[in-house]
Amino acid sequence: MALAANELRSPQVSAVACKCHGGEGHCTGCDSRSLMQTHKQVEGLDGLNGRPGSPGTSVLGNGIDGLQGNVTIAVQNSDGSRQEYSALYSLALTDFDVEDENRDGIFEPGEHLFVRRITVRNSGGMPSPTRPIQLSMIESDWFKLVDEHDGQTFLPSIKEGSSVTIDGPIKVRIREWEEHEIPETGTLFVSHEAIRLKAIMPWIEREISNFEFNKVIEIKYPCELGAFKALDTVAQGSQSKLSFEVYNHGNVSIGPQGYNSRIVEIDVSFPEAFGELESEPSQWRESVTITPAEIRGGGSLVLERQLRVHSNAPSYQHVAVVFKLYLGKPRQRGPDGQYDVNLVHVVEIRMQVSDHYTIHPEASFLLVTNSETKGDRAQSIRRFVNNSLRMEIDTWNISLYAGLNGRDQDSGAMGNILSKYHGKTIIFLGNQFDFFGQGKKTIFDVCDPEVMATAAANDTNLVFLDTPDFKPYEKLISEISFWPSQPVSSIRVNTNQSHQFHSVPDFITAITQQKKYSDLSYEMYAITLSKKWQVALLGPETIAKRVTKQIRRGFPSERFLITFHTSSPLDIIVTIGFPHHNSMAALERQTLSEQIADTSASDGLPPVEAYMIVEAISLYHRVDLLWDPVTGSVSNDNAGALCSQFAREALTTSLIQTTYREVELLIHKAPWPDKLLPSNPSKHSFEELKTLFAAHLPALHAILFHPQALEPAVAVNNNVLSVLSYVLAATRPQSKRQIVTRALAPPHNRRRRTAAFLKTGITMFLINKGFTKIELSDFFSRISQVHRLSNSTKQNTSAAILRMIADLTKQSEHAVIKGKQDAANLVRRSSYLAPGDWDRMAAITKEQSKKVIGEANEARRMLERMLVS
């Protein structure tokens, strides 16, 4: 340390001394020079993260509004003056009126219209420009501009905050319609189109906004046809009126002599093959032209012409009277000075041409048609009855005669047509049809329940085809099944002495005896019970229900309606419904596939309808046909009552079904022990058995006691034997439960007693026909071919009959069951009805009858007004 200090104080020259000391080194005293040194430091490690800051707690809000800005619009005029405004002008269309050219209030194709009283408001802060702003219409599908002079107007300058209304007008043409736009027949031309305006500043070619306001106008013609009055059905050789009106919807008169002097022309035409129209008195043509002189504004003109149908016009064809309305074009004349015309309305009035009702004394059927019945529909039914059944059928058109009432050809008196066909078959078509201005109707709406009940009481069969809905049919059946035509209180007073009884057994005995000779449908009876203590103890309703059970047991295959009249002594009121062997059925409307199915075997009629018609032949007529030697034979070589194989099979099948239903009703839910049928029928005579057959099995009675059946020389045909085989098969056990029931109660079982009763009666019948023991044995062995418990397809006779019907009618078994409604299934047996319900039913049916009669009378009056001859 001391050495160093000494050296500093006494330096010596050395090789490294500075220049100041004679060396080559450098010191602070030497001349300055640049010295450059580089230093570098290595990065250190990152430190730890600091703590996160606390969330902000201050509430942020809008700042203070700045000062209100302002705009000044300065307008420098040509004279150097200057105006300042705070806002621009703002124009908006607020209203306008539209007028038609001929001032009838109707905007029609080919006419001009005028836009007038156009109102524009300036809601801005300065007047609109003083230079004119052009107003015109926006073209559309229906509106076309005319020339520039008439097709536009101009807006003046409008002060701020005020409105201006200018008269205009802007003239616009409604284009004429093209040929392809003519509406369909029966449709009136109407179109709606909006009128829209636009405003343009021509000097800058700029369209002003806020002109969205528009008005929709209706484009149509001022005239139309309406209020047509014509018959829905006209008869061959008849003459009737056609009435219609021409309406003028404009508010000025129109026509050659009207304020709006344009031609109005109506052409009316009718097919030449069917008839002609009256053009002038005693002059008839295929078409006529009517030119009214004037039709007042807002009014109408009634016009009338007569229609004459040729006596040889095809029947059950639908034709149309065609009405065409022509109207002269507005303000447009042709070179010859005449108006060109537009076809503005075409209407077709459809009507049916029908033949007159003609009665055939031997007719077995009546077909009731309506205005919607087509020719092939009526002809197919007629053809089947005429050709396949070899029977006569009459036709009554309900639309031709305004209902079911007609004037008798001999006496001239009015009466219901159905009364002429009691004991026969009436076929109704159940489709909808227009009925003399009363709207859509079906046959169920125009049938008087009392008339239908009377027909049913007289053994008339009713068939309803083309039924769209079964409910009206079910309602009709509920009304006429027993026909309580008068209240309970009136029945006792009006009951004949021969119809009054003092005990239920006496009543059952008398009815059993009477049924051998006549049908007792809708007969009223009174059973007076004199035991007052019994009435006081049990009550009248309980006693009436007990009587119902007694009658049901005494007549299981008949329909009785029972009630009581509170009196002293108690009166039980009984009425008899129509028998089960009467056919009253409705068939649903056939589908297209069913209509086009193979109908060659049934003469062009769907097989299901053909079968239903055969089934509806009256029981005694069917039995006559069954005993016919040709019908019953296997051969088809000879002419007979039924000429087609289908008809013969349908006849036999229908009688199998009818007799099976009787046996099934007899043995269904039968009480035990059975006291209805004899335990040993072989001890009874054939005449004694006849009474029981008539009382409980009337269809089988008709077969076994037919005049041909009682004639030993007449052979029993195969169809008769087939019916008897199925009858006997029906008494056999159809299930294991019935086998057990028969085994547990053999002496008193209804099924066993019915089998013995039928076997005895049929044996007596066959012996009377000359059957030997071997032939009898062969016949009864045939039953095993029909019914056999060991065979699944033959163990149920009802199912076998159903399959038989399905095969014959070419339907599924489900369709056979569901596609048809039968009164036999709707009202199966006797029942009790409380007196109050009885009286209500009587009142309802009477009111319904009154309504139908009233509507028929109104329809008749309209018919008479429309008929000329």
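Proximity of Glu450 to Thr845: side-chain heavy atoms (C-beta onward) are nowhere separated by under 4.5 Å. Under the 4.5 Å side-chain criterion, counting only non-hydrogen atoms from C-beta, Leu570 is in contact with Ile572. In this structure the side chain of Phe564 reaches within 4.5 angstrom of the side chain of Tyr832, judged on heavy atoms.
Ring to ring, Phe428 and Phe464 are close: their centroids are under 6.0 angstrom apart.
The aromatic rings of Phe555 and His696 lie tilted to each other, with the angle between the two planes from 30° to 60°. By the 30° and 60° cut-offs, the orientation of the rings of Phe560 relative to Phe507 is perpendicular.
Within a 6.0 Å sphere centred on NZ of Lys441, heavy atoms belonging to other residues, nucleotides or ligands number more than 12.
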Check step by step if side chain to side chain donor-acceptor pair (under 3.5 Å) holds for His499 and Glu523. CA-CA 9 Å; His499 285 50; Glu523 292 286 348; 3.0 Å; yes

Taking it one step at a time, do Val488 and Asp839 satisfy side-chain contact (heavy atoms from CB on, under 4.5 Å)? CA-CA 6 Å; Val488 174; Asp839 289 347; 3.5 Å; yes

Let me see the working for Phe757 and Phe693 under ring-ring contact (aromatic ring centres under 6.0 Å, His included), right down to the final yes or no. CA-CA 9 Å; Phe757 169 70; Phe693 273 109; 4.5 Å; yes

What's the verdict on side chain to side chain donor-acceptor pair (under 3.5 Å) for Arg559 and Ser481, showing C-alpha distance, side-chain angles and the deciding distance? CA-CA 8 Å; Arg559 302 178 177 102; Ser481 294; 5.9 Å; no

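For Glu541 and Arg546, the salt-bridge test fails: no basic side-chain N is under 4.0 Å from an acidic carboxylate O. Between Arg829 and Glu558 there is no salt bridge, since no side-chain N of the basic residue sits under 4.0 Å from a carboxylate O of the acidic one. Checked for salt-bridge contact, Arg751 and Glu664 miss the test: no charged N lies under 4.0 Å from a carboxylate O. Taking the charged nitrogens against the carboxylate oxygens, Asp822 and Arg661 do have a contact shorter than 4.0 Å, which makes a salt bridge.
Screening Ile426, Val463, Thr425, Asn461 for a side chain to side chain contact (heavy atoms under 4.5 Å, CB included) involving Phe365 leaves a single residue, Thr425. When each of Ile511, Ile491, Thr495, Asn496 is checked for a side chain to side chain contact (heavy atoms under 4.5 Å, CB included) with Tyr525, only Ile511 meets the rule.
Residues Asn680 and Ser682 bring a donor and an acceptor atom of their side chains to less than 3.5 Å of each other. Donor-acceptor pairing under 3.5 Å is lacking for the side chains of Gln438 and Glu858. With hydrogens and angles left out, the side-chain atoms of Thr467 and Arg589 include no donor and acceptor closer than 3.5 Å. A donor atom on one side chain and an acceptor atom on the other are found under 3.5 Å apart for Asp506 and Ser503. At a cut-off of 3.5 Å, with distance as the only test, no side-chain donor of Asp448 or Asn416 sits close to an acceptor on the other residue. Side-chain polar atoms of Tyr620 and Asp459 form no donor-acceptor pair below 3.5 angstrom.
Once rounded to the nearest 0.5 Å, the distance linking CD1 of Ile443 with CD of Gln432 reads 13.0 Å.
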